[in-house]
Amino acid sequence: MPEGSPMTVRTRFAPSPTGYLHVGGARTALFSYLHARKHGGQFVLRIEDTDLERSTAESVNAILEGMTWLGLDYDEGPFYQTERFDRYNAIIDELLEKGLAYRCDCPKERLDELRDRQMAQRLKPRYDGHCRHREVDPGAPHVIRFRNPTDGVVVVNDLIRGRVPFGNAELDDLIIRRSDGSPTYNLTVVVDDADMGITHVIRGDDHLNNTPRQINILRALGHEPPSYAHVPMILGDDGARLSKRHGAVSVIAYREAGYLPEALLNYLVRLGWSHGDQEIFSLQEMIELFDITEVNRAASSFNTDKLAWLNQHYIQHGDPRRIAQLLRPHMGRIGIDPSEGPDLTAVVEAQAARAKTLVELAEISAFCYRDFDDYDEAAAKKHLRPVAREGLDRLRAAFELMAYEDWTPEGLHHAVERVAEELGVNLGKVAQPLRVAIVGRAASPCIDLTLHLVGKDATLRRIAKALAYIDQRAA
RNA sequence: GCUCCCUUCGUCUAGCGGUUAGGACGCCGGCCUCUCACGUCGGUAACAGGGGUUCGAACCCCCUAGGGAGCGCCA
């Protein structure tokens, strides 16, 4: 096992592979990552796959893919708990030998009945210690339970919540080995965190109630507990619990929807944490400024609008060549091969301020690569009218005379301007009909850039189509 | 039901006994302008409720209400 000196900060992200990496898990991973990086420590990835029934290889892959996409690189792992069963079993046997754990053969029916009785008495359902002092046949089916202290108080000193005391009387003897011989979560997590030298356990606050049990097991094993930080959960847009039913929760789904990893990371770090009024954080700034003890205690709701705003910020301010690379697959998805048209980087530079996602960016840029099918109804009705005919006709004549090498934004700007002057109208009077003719809708980058990107041939072709449309409409 | 956690604009948050309760997203409006967008300027909007403590509470204490988690041979 990898070891770290006692002073080295070591954090871990320990998802169970029973689903995709969702935004809540991603934020927990981010916080763990940042805490380790900030302190020059290590970040470990551990797959908690002891639930043989529900763990899948697809989930493992989805989690790894999500981590990679977000750029949350880990120093060690992924470790798989299923590969460490011998270790867990040795520990359990040791606990058994020392009398810190015991065999229990209580049948399910007895447990169910016990539980019902306790609920009826308004008590917290818990194991009554029936087998605590019984001799159970090791050869017959049984589970192993941890012998939890019956009195006293366990204190969780949480970096986020502060001091949270639990009475041992509230805890029961939990199962640490199933009847099929496999170890359970509360045992494996403790053994692994100790073996892997984890100094800071950062996880969802749904684990807060488990922590006193884990501390008890840890102490029975002769270890001192690590520091804990229980981060609040993330709620959906509507304030309800985040689940598969509430929009795209998988991190990969955000990639597919056209979000940039830096935008999602930036959004996530600000969910429950802040640094004054700062909204934009590079990963480097996050590492420098993030402090786990400053994380909010309350749950927060995921707000897609704000994520979209950040995403647009990063599309607009990121390196256009990189954005173009990321945009490529989204163009492909709508059937466009960017090599058959203007340089994609130039298109990104022209369009970046207009898109909140790469999907949008692809959609509004399609006109640069292929002719559109139909005009936007409102735009055509407003701009492709007989009064626009002469302007378009003059533009066509002017464009036809232009050499390919003069087909530049500057040259085009002058050409359009001249036509407006000849007609004695504002630039908008000729530019808007032209825009609708070229793009199919009323919105695009400035007209000269638009024409430049579309190119001379397509421009002439589309103007001809617009003239025909106007004539047909007048007839 | 029991145990634990949480509660500032619609949302994310600042605040750490004395503030006109600040910023951001969204929304609304102005400006810029060939369109849309960007940008920019301005506006809307919050301390869950009730008791204390204090000269003075968003900040400290208690209660209530509301929300959440756990109570598994799931993690």
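Note that this is a predicted model, so its numbers are computed, not measured. Each chain gets a letter, A, B and so on, in the order its sequence line appears, and its residues count up from 1.
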Subject >> Proximity to the side chain of A/Ala443 - top-ranked nucleotide from B/G1, B/U35, B/G23 >> reply: B/U35
Subject >> Of A/Leu271 and A/Arg54, the one whose closest RNA chain B nucleotide lies more 5' >> reply: A/Leu271
**OP:** Compute both the distance and the angle, then confirm whether A/Arg84 meets the cation-pi test with A/Phe79: under 6.0 Å from the six-membered ring centre, within 45 degrees of the axis.
**Re:** no
Subject >> B/G15 to B/G51 separation - C1' atoms, rounded to the nearest Å >> reply: 24 Å
Original post:
What is the nucleic acid contact for A/Arg126, judged by heavy atoms within less than 4.0 Å: base, sugar-phosphate only, or nothing?
Top reply: nothing
**OP:** For nucleotides B/A14 and B/G22, find the distance between their C1' atoms and express it as a whole number of Å.
**Re:** 6 Å
Subject >> Nucleic acid contacts - residues 407-426 of chain A versus RNA chain B, non-hydrogen atoms under 4.0 Å >> reply: none
Original post:
Which one of A/Val190, A/Ile215, A/Val201 satisfies the side-chain contact (heavy atoms from CB on, under 4.5 Å) criterion with A/Pro226?
Top reply: A/Val201
**OP:** Just jot down the side-chain hydrogen bond (donor to acceptor under 3.5 Å, both in side chains) partners of A/Glu421, sequence neighbours excluded, or say none.
**Re:** none
Subject >> Whole-Å C1' distance, B/A21 and B/C9 >> reply: 11 Å
Original post:
Can A/Thr450 and A/Ser444 be said to form a side-chain hydrogen bond (donor to acceptor under 3.5 Å, both in side chains), step by step?
Top reply: CA-CA 7 Å; A/Thr450 298; A/Ser444 84; 2.9 Å; yes
**OP:** Decide yes or no, distance alone: a donor-acceptor N/O pair under 3.5 angstrom between the base of B/G23 and the side-chain of A/Gln278.
**Re:** no
**OP:** Considering just the side-chain nitrogens and oxygens of A/Ser301, establish if one lies under 4.0 Å of OP1 or OP2 belonging to B/C12.
**Re:** yes
Subject >> Residues which pass side-chain hydrogen bond (donor to acceptor under 3.5 Å, both in side chains) with A/Tyr314, listed by chain and number, not counting sequence neighbours >> reply: A/Asn266
**OP:** Can you tell me the distance, in whole Å, between the CZ atom of A/Arg103 and the P atom of B/C73?
**Re:** 19 Å
Original post:
Want to settle it: does A/Ser179 or A/Gly272 sit nearer the 5' end of RNA chain B, counting the closest nucleotide to each?
Top reply: A/Gly272
Original post:
What's the verdict on side-chain hydrogen bond (donor to acceptor under 3.5 Å, both in side chains) for A/Thr184 and A/Asn186, showing C-alpha distance, side-chain angles and the deciding distance?
Top reply: CA-CA 6 Å; A/Thr184 60; A/Asn186 281 298; 5.8 Å; no
Original post:
side-chain hydrogen bond (donor to acceptor under 3.5 Å, both in side chains) with A/His230: which residues, sequence neighbours excluded?
Top reply: A/Asp158, A/Arg203, A/Thr211
**OP:** Mind checking A/His207 for me? I need base, sugar-phosphate or nothing, with any heavy atom below 4.0 Å counting as a touch.
**Re:** base
Sort me out a list of protein N/O and nucleotides 44-49 of chain B N/O pairs below 3.5 Å, or just none if empty.
none

**OP:** Please determine, for B/C32, whether a Watson-Crick or G-U wobble partner exists with both distances under 3.5 Å, and give it or none.
**Re:** none
Original post:
To the side chain of A/Ala353, which of B/C2, B/A37, B/G26 is closest?
Top reply: B/A37
Original post:
What is the nucleic acid contact for A/Gln316, judged by heavy atoms within less than 4.0 Å: base, sugar-phosphate only, or nothing?
Top reply: sugar-phosphate
Original post:
Considering only heavy atoms and no angle criterion, is a donor-acceptor pair shorter than 3.5 Å present between the side chain of A/Arg354 and the base of B/C36?
Top reply: yes
**OP:** Please list, chain by chain and in numerical order, all residues satisfying side-chain hydrogen bond (donor to acceptor under 3.5 Å, both in side chains) with A/Tyr102, sequence neighbours excluded.
**Re:** A/Asp173
Original post:
Expressed in whole Å, how much space separates the P atoms belonging to B/C32 and B/A37?
Top reply: 16 Å
**OP:** Considering only NZ, NE, NH1 and NH2 on the basic side and carboxylate oxygens on the acidic side, decide whether A/Arg134 and A/Asp105 come within less than 4.0 Å.
**Re:** yes
**OP:** For B/G29 versus B/C38, give the span between their P atoms, rounded off to a whole number of Å.
**Re:** 15 Å
**OP:** Just call it for A/Ser274: base, sugar-phosphate, or nothing, with non-hydrogen atoms closer than 4.0 Å on any strand.
**Re:** sugar-phosphate
Original post:
Touch check for A/Thr50, heavy atoms < 4.0 angstrom, all strands: base, sugar-phosphate only, or nothing?
Top reply: sugar-phosphate
Original post:
Please give, in whole Å, the distance from B/G70 P to A/Leu208 CG?
Top reply: 11 Å
Subject >> Separation of the C1' atoms in B/A46 and B/C12, to the nearest angstrom >> reply: 13 Å
**OP:** Output yes when at least one side-chain N/O atom of A/Asn303 is less than 4.0 Å from OP1 or OP2 of B/U13, else no.
**Re:** no
Original post:
Rounding to the closest angstrom, what is the interatomic distance between B/C73 and B/A65 at atom P?
Top reply: 32 Å
**OP:** Carefully, step by step, assess A/Asp192 and A/Tyr88 under the rule side-chain hydrogen bond (donor to acceptor under 3.5 Å, both in side chains).
**Re:** CA-CA 9 Å; A/Asp192 282 348; A/Tyr88 307 133; 2.7 Å; yes
**OP:** For A/Arg161, report the nucleic acid contact type (base, sugar-phosphate, nothing); a contact means any heavy atom under 4.0 Å.
**Re:** sugar-phosphate
**OP:** Would you mind reading off the distance between A/Asp205 atom CG and B/A75 atom P, rounded to a whole angstrom?
**Re:** 19 Å
Original post:
Touch check for A/Tyr267, heavy atoms < 4.0 angstrom, all strands: base, sugar-phosphate only, or nothing?
Top reply: nothing
**OP:** Look at all strands and tell whether A/Pro212 reaches a base, only sugar-phosphate, or nothing, counting heavy atoms closer than 4.0 Å.
**Re:** nothing
Original post:
Atom CZ of A/Arg115 to atom P of B/G70: distance rounded to whole Å?
Top reply: 13 Å
**OP:** For A/Glu279, answer base if it contacts any base atom (sugar-phosphate contacts may also be present), sugar-phosphate if it contacts only those atoms, and nothing otherwise; contact means non-hydrogen atoms under 4.0 Å.
**Re:** base
Original post:
Given atom CZ of A/Phe85 and atom C1' of B/C73, what is their separation to the nearest angstrom?
Top reply: 13 Å
Subject >> A/Leu187 CG to B/A75 P, straight-line distance once rounded to whole Å >> reply: 11 Å
**OP:** Look at the side chain of A/Arg122 against the base of B/C2 and say whether a donor-acceptor pair falls under 3.5 Å; ignore hydrogens and angles.
**Re:** no
**OP:** Measure from the ring center of A/Tyr74 to the ring center of A/Phe13 and say whether it is less than 6.0 Å.
**Re:** no
Original post:
So what does A/Ala442 hit on the nucleic acid, given a heavy-atom distance under 4.0 Å: a base, only sugar-phosphate, or nothing?
Top reply: base
Original post:
Distance check: side-chain N/O of A/Thr184 vs OP1/OP2 of B/A75, anything under 4.0 Å?
Top reply: no
**OP:** Quickly work out the A/Leu114 CG to B/G72 P distance and round it to whole Å.
**Re:** 10 Å
**OP:** Could you tell me whether the side chain of A/Asp206 has a donor or acceptor atom within less than 3.5 Å of a complementary atom in the base of B/A75?
**Re:** no
Original post:
Which nucleotide, B/G22, B/C34, B/C71, lies nearest any side-chain atom of A/Lys124?
Top reply: B/C71
Original post:
So what does A/Val143 hit on the nucleic acid, given a heavy-atom distance under 4.0 Å: a base, only sugar-phosphate, or nothing?
Top reply: base
Original post:
Can you tell me how far P in B/C61 sits from the matching atom in B/C6, rounded to whole Å?
Top reply: 11 Å
**OP:** Determine the sole option in A/Leu208, A/Val295, A/Asp206 for which the side-chain contact (heavy atoms from CB on, under 4.5 Å) test with A/Pro232 is passed.
**Re:** A/Val295
Original post:
Reckon A/Arg203 has a side-chain N or O less than 4.0 Å from the OP1 or OP2 of B/A75?
Top reply: no
Original post:
Under 6.0 Å between ring centres, would you say that holds for A/Tyr185 and A/His207?
Top reply: yes
Subject >> Nucleotide B/C2, atom C1' - distance to CG of A/Leu171 in whole Å >> reply: 13 Å
